[in-house]
Asker: 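Below is a structure I'd like to ask you about.
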Number of protein chains: 2
Amino acid sequence: MSKCEQCIVREFSSLKALNKEELLKIADCKSSYTIKKGEAIFSEGENVNGIFCIKDGVCKLSKLSTNGNDQIVKLITKGELLGQRSMISDEPVNLTAIALEDMEVCFIPKAEIMGFFNENNKFSMDIMKAICGDLKEADDHLVNMAQKPVKQRLAETLIYLYDSFGIDTDNSLNIKLSREEIAGMVGTATESCIRLLSDFKKSGHIELSGKKIIITDISKLKRL
Amino acid sequence: MSKCEQCIVREFSSLKALNKEELLKIADCKSSYTIKKGEAIFSEGENVNGIFCIKDGVCKLSKLSTNGNDQIVKLITKGELLGQRSMISDEPVNLTAIALEDMEVCFIPKAEIMGFFNENNKFSMDIMKAICGDLKEADDHLVNMAQKPVKQRLAETLIYLYDSFGIDTDNSLNIKLSREEIAGMVGTATESCIRLLSDFKKSGHIELSGKKIIITDISKLKRL
DNA sequence: GATAAAATATGATAATTGTCATACTATTCA
DNA sequence: TGAATAGTATGACAATTATCATATTTTATC
């Protein structure tokens with residue numbers, strides 16, 4: 001049983017508002033899991049009854065549309081929490097979380113969290129603000145999906161990946177996504193996504209070598 | 001100064017969690033406004049510093065996309081609250097609220113609400129749940145926008161209007177929206193919206209007489 | 001390392017959607 | 001009332017995007 005007190009990622013989420021005593025309580029009731037790439041942490045419709053704290057790795061939050069396509073709503077990474085909305089609404093989760101790389105996560109039961117929620121004002125306020133941030137993000141995202149053409153959405157997705165995950169030593173985006181997954185973020189067909197990436201390559205905005213994507217001119221992408 | 005205690009719409013929002021004493025406090029510090037059709041309650045980027053309680057009327061919550069189009073994110077009606085997210089995030093509002101009909105609204109300053117928020121657990125929990133509901137709705141909406149074709153989105157918008165606002169004595173939808181506004185909800189060009197409405201008319205799904213829309217076969221719309 | 005399977009790429013084509021022009025209708029207001 | 005204006009409707013066309021077919025490349029597996 002590792003100690004939450006010494007867990008660094010805690011500093012990046014609402015859990016930073018918890019005191020020593022509360023962290024000890026969590027360490028006592030949490031369970032740690034290793035999730036392999038491609039495995040689900042939870043699936044749409046499941047009752048989760050707690051939240052996950054992402055200790056390491058990245059996952060995608062997606063939802064199956066009635067047309068059979070998976071739309072990726074959001075990527076969640078080290079330090080973030082998962083399942084807060086569902087816990088507070090007291091409802092099954094609305095999205096599916098699947099690991100994009102091997103992950104380390106801790107599960108904290110709802111009862112424990114809700115206890116802190118009622119007693120630690122800073123903590124509940126922090127959780128609320130995080131959810132409010134998600135709501136604003138979702139509204140903005142919605143407007144983009146409804147109003148911007150695929151090319152622009154793809155460009156903005158690449159910029160988002162660059163800003164959020166940075167680049168590797170070879171200058172390629174430091175997150176591994178298949179073309180199908182990128183298409184799932186953009187909200188388009190996989191072939192359309194591939195085609196536009198080829199276009200971006202031809203116009204010198206990016207370089208492609210295998211799965212790797214190198215953004216050579218981010219200002220060009222921003223100006224699309 | 002009207003009494004919040006006797007205001008019926010309060011029962012439809014988180015304000016129902018407030019006790020007599022708290023309602024008296026609100027009645028004391030609130031201000032009431034009449035908003036004429038077409039006027040803004042607030043605009044994107046403004047600092048609002050409180051919440052609005054909709055006593056009567058309907059408004060649209062929209063956001064201007066960089067392409068110059070207004071995307072309508074949500075309609076808000078009698079009994080609902082406005083500006084909760086912004087208040088909790090302590091940020092300017094993210095959306096513009098414009099009256100679709102003459103409205104009666106009350107403004108309650110942030111300081112007052114935040115006071116109850118810290119003391120009345122049921123109240124803060126209710127507000128949270130409302131915001132969590134908005135987040136779920138926004139995620140679902142986003143997936144629809146990204147994955148469904150315009151025709152299906154229009155059909156679902158009409159069904160939503162039917163379910164939320166019902167029909168008038170002449171069977172027409174009990175909410176007045178211009179074609180441009182319907183297009184703004186669907187996320188398409190006004191002409192495309194008009195054209196598809198004509199198609200729906202030709203195939204006997206709806207009837208159009210002037211601005212009025214009558215859904216003649218809702219099951220057909222649902223099956224699109 | 002050879003082969004199968006999966007992922008990526010590209011062409012051809014169709015379907016969807018947007019844009020611009022123009023006509024028609026309803027509403028406003030002098 | 002009648003002109004002006006805004007809103008609705010439709011045609012013609014262009015641009016965008018999806019779909020299906022088929023290479024080509026990469027990855028996985030034995």
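Labels below follow one simple rule: chain letters A, B, ... track the order of the sequence lines, proteins then strands, and each chain is numbered from 1.
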Asker: Whole angstroms only, please: what is the CG-P distance between B:Leu154 and C:dG18?
Answerer: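 For the pair B:Leu154 CG and C:dG18 P, the rounded distance is 12 Å.
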Asker: Between atom CD in B:Glu181 and atom P in D:dA6, what is the gap in whole Å?
Answerer: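 From B:Glu181 CD to D:dA6 P: 16 Å.
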Asker: I'd like to know whether A:Thr96 forms a side-chain contact (heavy atoms from CB on, under 4.5 Å) with A:Leu61, so could you lay out the CA-CA distance, the side-chain angles of the two residues, the decisive distance to 0.1 Å, and finally the verdict.
Answerer: CA-CA 5 Å; A:Thr96 296; A:Leu61 279 182; over 6 Å; no
Asker: Using whole Å, what does the distance between atom P of nucleotide C:dT8 and atom CZ of A:Phe200 come to?
Answerer: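 Distance, rounded to whole Å: 17 Å.
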Asker: At under 4.0 Å, does any side-chain N or O of B:Ser178 touch on OP1 or OP2 of D:dA6?
Answerer: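 So the side chain of B:Ser178 is outside the cut-off, no N or O lying under 4.0 Å from OP1 or OP2 of D:dA6.
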Asker: Which residue, B:Thr190 or A:Leu196, contacts DNA chain D at a nucleotide closer to its 5' end, judged by nearest heavy atom?
Answerer: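 Looking at the nearest nucleotide for each, B:Thr190 comes out on the 5' side.
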Asker: Could you state the atom-to-atom distance from NZ of A:Lys37 to P of C:dA6 in whole Å?
Answerer: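 So the two atoms are 15 Å apart, to the nearest Å.
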Asker: Among D:dT10, C:dT10, D:dT8, which is the nearest nucleotide to the side chain of B:Glu191?
Answerer: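 Comparing D:dT10, C:dT10, D:dT8 against the side chain of B:Glu191, the answer is D:dT10.
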Asker: Using whole Å, what does the distance between atom C1' of nucleotide C:dA7 and atom CG of A:Leu197 come to?
Answerer: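 That distance rounds to 13 Å.
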Asker: Does the base of C:dG18 carry an N or O that pairs as donor and acceptor with the side chain of B:Arg195 under 3.5 Å?
Answerer: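 Check fails, no donor-acceptor contact within cut-off.
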Asker: Can you check the B:Ile194 CD1 to D:dA12 C1' distance for me, whole Å?
Answerer: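 Value for this atom pair: 16 Å.
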Asker: With a sphere of 6.0 Å drawn around CD of A:Glu39, does it hold more than 12 non-hydrogen atoms of other residues, nucleotides or ligands?
Answerer: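 Buried by this count: over 12 neighbours within 6.0 Å.
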Asker: Please state whether the phosphate of D:dG7, meaning OP1 or OP2, lies under 4.0 angstrom from any side-chain nitrogen or oxygen of B:Lys211.
Answerer: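 It does not, given that no N or O in the side chain of B:Lys211 lies less than 4.0 Å from OP1 or OP2 of D:dG7.
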Asker: Looking at A:Val9, A:Val105, A:Leu82, which hits side chain to side chain contact (heavy atoms under 4.5 Å, CB included) with A:Cys53?
Answerer: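 That would be A:Val9; it is the only one of A:Val9, A:Val105, A:Leu82 passing the side chain to side chain contact (heavy atoms under 4.5 Å, CB included) with A:Cys53.
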Asker: Evaluate the salt bridge (charged side-chain N to carboxylate O under 4.0 Å, His left out) criterion for residues A:Asp70 and A:Lys60: first the C-alpha distance (whole Å), next the side-chain angles of each, then the deciding distance (0.1 Å), finally the verdict.
Answerer: CA-CA 11 Å; A:Asp70 257 327; A:Lys60 57 180 176 182; 5.7 Å; no
Asker: Select one nucleotide: of C:dG18, C:dA9, D:dT16, the one nearest the side-chain heavy atoms of A:Arg179.
Answerer: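 It is C:dA9.
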Asker: Could you state the atom-to-atom distance from CD1 of A:Ile213 to P of C:dA7 in whole Å?
Answerer: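 Spelled out: CD1 on A:Ile213 to P on C:dA7 is 16 Å.
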Asker: Output the rounded distance in Å from CG (A:Leu224) to C1' (D:dA15).
Answerer: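 Rounded to the whole Å, the gap is 16 Å.
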Asker: Among C:dT16, C:dA9, D:dA18, which nucleotide has an atom closest to any side-chain atom of A:Leu208?
Answerer: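 Side chain of A:Leu208 sits closest to C:dA9.
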Asker: Assign A:Ser198 to base, sugar-phosphate, or nothing according to its heavy-atom contacts below 4.0 angstrom with the strands shown.
Answerer: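 Sugar-phosphate, no base atom in range.
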Asker: So if I take every side-chain heavy atom of B:Ser192 and compare against C:dT17, D:dG11, D:dG7, which nucleotide ends up nearest?
Answerer: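 Selected nucleotide (nearest to the side chain): C:dT17.
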Asker: Is B:Lys220 close to B:Phe200 at the side-chain level, that is, under 4.5 Å between some pair of heavy atoms?
Answerer: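 SC-SC contact between B:Phe200 and B:Lys220 ruled out.
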